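We use all heavy atoms of the structure for the numbers below, so side chains are in, but hydrogens, waters and symmetry mates are not. Throughout, residue positions are numbered sequentially from 1 according to the sequence presented. This one's a predicted model, so the numbers in the text were calculated from it and none came from an experiment.
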Amino acid sequence: MHYYFITGTSFGLGKAIAEALLHREDVFVYGISRTSSISHSHYKHVFADLGNPSQLSPIIKLFEASFTNQDSLYLINNAGVVDPIKYLGDFTAEDISLLMQVNLISPIQLMNTFLKIPHGVKRKIVINVSSGAASKVTDGWSLYGSSKAALDHASLHAAKETALNGMANIYIFSVAPGVIDTHMQAKIRAVSKHSFSMVDRFIDLHKTNALDTPEQVAQKYLKILDAPQEFPKVVFSAREI
């Protein structure tokens, strides 16, 4: 059986990945987000706000199930927030802690617990959804870019550590999806140029239909999940696929 644990399945890329997987046989998907928008006999929703550390417990309990050596397990840390988009010096303490909790701390905590699942399973794959912002300096995105850069780095460490431990059935990736037409993009386009000087570029991308759909990008992530051995890099962009 293939068990998928996906955060941020309410809409966007997370939902598209979950729905694509649910067309397959021998699949069970656990969706993790604040709201549920998927109904399927092989889907279970876990209501959780990843910005609230106390709400990680029901997710972590999912990893305590009894799995066998015929089971493949997949963790997709997709949930993330880009807002508030502000210059450093304008954030509140709550702004900082909330974004880092959603984008960095929760994914690392889930990855840490996921990797503790006994090694008797067929294979384990982690995909952290990164961003091109991890390697670029974009005004107004200091928190978002920093959180994604740190997630990339944590993924590189985890991949090296599993390799050193001889765990050939474990794969770790941090993959940037490119620019997708999602709710996050709508929030970006609504930001004042005072807080984000590049806002016009994102408005133009939307006007010229230059954004990928979540469904298009989801198929690229499925290629990684299906054949992880064909992707030697830990950190890369889905645009390379």
Side-chain angles (χ1 to χ4, degrees), residues 1-10 13-15 17-18 21 27-36 38 42-81 97-131 134 146-175 221 224-225 228 231 234-235:
M1 193 71 170
H2 298 272
Y3 293 96
Y4 296 86
F5 306 89
I6 309 173
T7 66
T9 52
S10 297
L13 180 60
K15 182 178 181 180
I17 292 173
L21 290 168
V27 160
F28 197 92
V29 176
Y30 292 92
I32 302 155
S33 60
R34 289 177 293 178
T35 59
S36 175
I38 298 174
H42 286 188
Y43 178 84
K44 179 178 180 179
H45 196 83
V46 179
F47 292 93
D49 178 359
L50 295 180
N52 185 339
S54 67
Q55 293 190 23
L56 289 179
S57 296
I59 309 170
I60 289 171
K61 286 182 180 178
L62 297 175
F63 303 151
E64 297 173 358
S66 296
F67 301 106
T68 73
N69 59 8
Q70 298 301 309
D71 295 330
S72 294
L73 312 181
Y74 310 81
L75 171 64
I76 305 171
N77 279 315
N78 163 72
V81 292
S97 62
L98 180 60
L99 185 143
M100 288 298 175
Q101 181 66 43
V102 174
N103 288 7
L104 179 62
I105 298 172
S106 289
I108 289 179
Q109 289 178 321
L110 294 180
M111 184 163 55
N112 181 60
T113 308
F114 182 79
L115 292 174
K116 291 180 182 179
I117 295 172
H119 303 310
V121 297
K122 189 173 182 180
R123 69 179 178 181
K124 288 189 283 187
I125 299 176
V126 176
I127 295 185
N128 293 313
V129 176
S130 184
S131 170
S146 298
S147 68
K148 293 299 185 178
L151 190 60
D152 282 355
H153 205 60
S155 303
L156 289 165
H157 277 273
K160 181 172 184 177
E161 290 161 0
T162 55
L164 288 172
N165 284 331
M167 299 174 182
N169 66 331
I170 299 179
Y171 298 87
I172 312 288
F173 301 103
S174 193
V175 184
Y221 279 80
I224 304 169
L225 294 167
F231 297 89
V234 175
V235 177

### Message
Is the distance from the ring center of Tyr171 to that of Phe231 below 6.0 Å?
### Response
no
## Note on the structure
Closest non-hydrogen contact found for Ile6 with Gly14 is CG2-O, 4.1 Å
### Query
Hey, does the side chain of Lys15 reach the backbone of Ile38 with a donor-acceptor pair shorter than 3.5 angstrom?
no
#### Entry: Nearest heavy-atom neighbours spanning Leu98 and Gly51
CD1-CA, 3.7 Å
### Output field: ring centroids Tyr30/Phe28 closer than 6.0 Å
yes
### Query
Quick check: does any side chain N or O of Thr162 sit under 3.5 Å from a backbone N or O of Met167, one acting as donor and the other as acceptor?
no
### Query
Which heavy-atom pair separates Val234 from Ile172 by the least distance, and what is that distance?
CG1-O, 3.5 Å
### Task
Considering non-hydrogen atoms only, spot the tightest contact between Leu56 and Gln109 and give its length.
CD1-OE1, 2.6 Å
### Task
Mark yes or no for whether His42, through its side chain, and Val29, through its backbone, hold a donor-acceptor pair below 3.5 Å.
no
### Task
Taking all non-hydrogen atoms of both residues into account, name the closest pair between Gly80 and Val102 and its distance.
CA-CG1, 4.0 Å
### Task
Can you see which heavy atom on Ser147 is nearest to which on Met100, and at what distance?
CB-SD, 3.7 Å
### Task
Taking the side chain as every heavy atom from C-beta outward, state whether Ser130 and Val235 have any pair of such atoms under 4.5 Å apart.
no
